[in-house]
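First listed ligand is number 1; within each ligand, the first listed atom is number 1. Heavy-atom basis, side chains included; hydrogens, waters and symmetry copies ignored. Along the sequence shown, the residues carry numbers beginning at 1.
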Amino acid sequence: MIRSAVTLSLVAEAAGGPFVFWHDVDEAIRTSCELGFDAIEVFPPDAETVRALQLPSRLSGLKVAAVGTGAGWVKHKLLLCDPDSTQRKKAINFVASIMQVATDLGASAIVGSMQGRSTPSLPKAEARKLLRDSLEQLNQVAGQLGRALFYEPLNRYETDQATTLAQGAELVHGLSATKILADWFHMNIEEADMVASIRQHASQIGHVHFADSNRQAIGRGHLDWLPLVQALQASGYEGYLSAEVFSLPSAREAAQQTIDSFGRIGTLSSRRS
Ligand code: LER
Ligand code: MN
């Protein structure tokens, strides 16, 4: 069964980013429960903040779909490809600390923006080597925690480490506790054929960011998205489709539009069964 999730950002520095709910944990939980979501995905400033929220006593039956680490970059300026080994170690420790709190909540952590990119003084091959080395260390942590790490290819304007599922799969090749995150906004920019790419890498996909072509809620753009869901269903995908989309026209309407799209998936499944 594919499960539904919606995002909540607690990071002031991520203002303007693609998250449905902002700052108000109780509002996010209340609205998500009311609309019938299975889970929320949390984008926190750090691990300590997640712990202090005491989510298990507040979730009202919701699960935590995943915990993002992007604040490691947008707030703390930490990158997993930093050529300065002290800074890179801090980046690895930051991700590991989020992996620990995520595990305590029954969820995985996501590496997206913290992967960084090449710069005039950091050639692409070197940036990729440093990222791979960091991911190898984090893969070990994931193995010890017994909880997969999600690595997310991003579009070319955000990274040049891996921009397609194929490049992502190559980057994490052999890291058995690391799965790929398929973000449909990035895929719509970078993939030649989104359905074929999902089919080809289905066994490695651990999480999906469920976004339309304009990064609004599914149904508010022009993505031909039902075939993507069918490709995941055919592969036996049992993870989340998590709405990492702009809070447009409002948080509630973005969440409502998302859950309405899940209604269409329901129709699809019952038609097929
Ligand atoms: C960034 O564009 C993104 O998609 C996030 O999920 C990465 O942290
Ligand atoms: Mn994403």
State whether D133 and R88 are salt-bridged, where the test is any N-O pair (Lys NZ or Arg NE/NH1/NH2 against Asp/Glu carboxylate O) under 4.0 Å.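 A salt bridge links D133 with R88.
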Below 4.0 angstrom, N of the basic side chain to O of the carboxylate: do E34 and R30 qualify?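 Looking at R30 together with E34, the answer is no, because their closest N to O distance does not fall below 4.0 Å.
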Under 4.0 Å from ligand 1, counting heavy atoms only, is it the side chain of E41, its backbone, both or neither?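 Contact part for E41 vs ligand 1: neither.
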Contact between D183 and ligand 1, counting heavy atoms under 4.0 Å?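 Within the 4.0 Å threshold, so yes.
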For ligand 1, which atoms, with element, lie under 4.0 Å from some heavy atom of [X]?
X: R215; answer: 1 (C), 2 (O), 3 (C), 4 (O)
X: S113; answer: 7 (C), 8 (O)
X: H186; answer: 1 (C), 2 (O), 3 (C), 4 (O)
X: H209; answer: 6 (O)
X: G112; answer: 7 (C), 8 (O)

Name the orientation class of the two ring planes belonging to F210 and W225 (parallel below 30°, tilted from 30 to 60°, perpendicular beyond 60°).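 F210 and W225: perpendicular rings.
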Would a 4.5 Å heavy-atom cut-off, applied to side chains only, mark L35 and R252 as touching?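 Result yes, sub-4.5 Å side-chain heavy-atom pair found.
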Do T163 and D160 come close enough that some side-chain heavy atom pair is under 4.5 Å?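 No, side chains not in contact.
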Could you pull out the atom name of the N/O/S atom in [X] that is nearest the Mn ion (ligand 2)?
X: D183; answer: OD2
X: E244; answer: OE1
X: E152; answer: OE2
X: H209; answer: ND1

How far is atom 7 (C) of ligand 1 from the closest protein heavy atom, and which atom is that?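 In this structure, atom 7 (C) of ligand 1 has E152 OE1, 3.2 Å as its nearest protein heavy atom.
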Suppose we measure from atom 2 (O) of ligand 1 to each protein heavy atom; which comes out shortest, and what is that distance?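 For atom 2 (O) of ligand 1, the nearest protein heavy atom is E158 OE1, 2.6 Å.
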Show your reasoning for whether side-chain hydrogen bond (donor to acceptor under 3.5 Å, both in side chains) applies to E41 and S242. CA-CA 7 Å; E41 176 176 326; S242 182; 2.7 Å; yes
Check: F185 ring centroid to H209 ring centroid under 6.0 Å: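 No, the ring of F185 stays outside the 6.0 Å limit from the ring of H209, centre to centre.
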Closer than 2.8 Å to the Mn ion (ligand 2), do we get an N, O or S atom from H186, backbone or side chain?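 No, since none of the N, O or S atoms of H186 sits under 2.8 Å from the Mn ion (ligand 2).
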Looking at W73, is K77 sitting on its ring face, NZ or CZ under 6.0 Å from the six-membered ring centre and within 45 degrees of the normal?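 Positive - K77 is close enough to the ring of W73 and near enough to its axis.
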Donor + acceptor pair across side chains of N139, T178 (<3.5 Å):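 The answer is yes; a qualifying pair exists.
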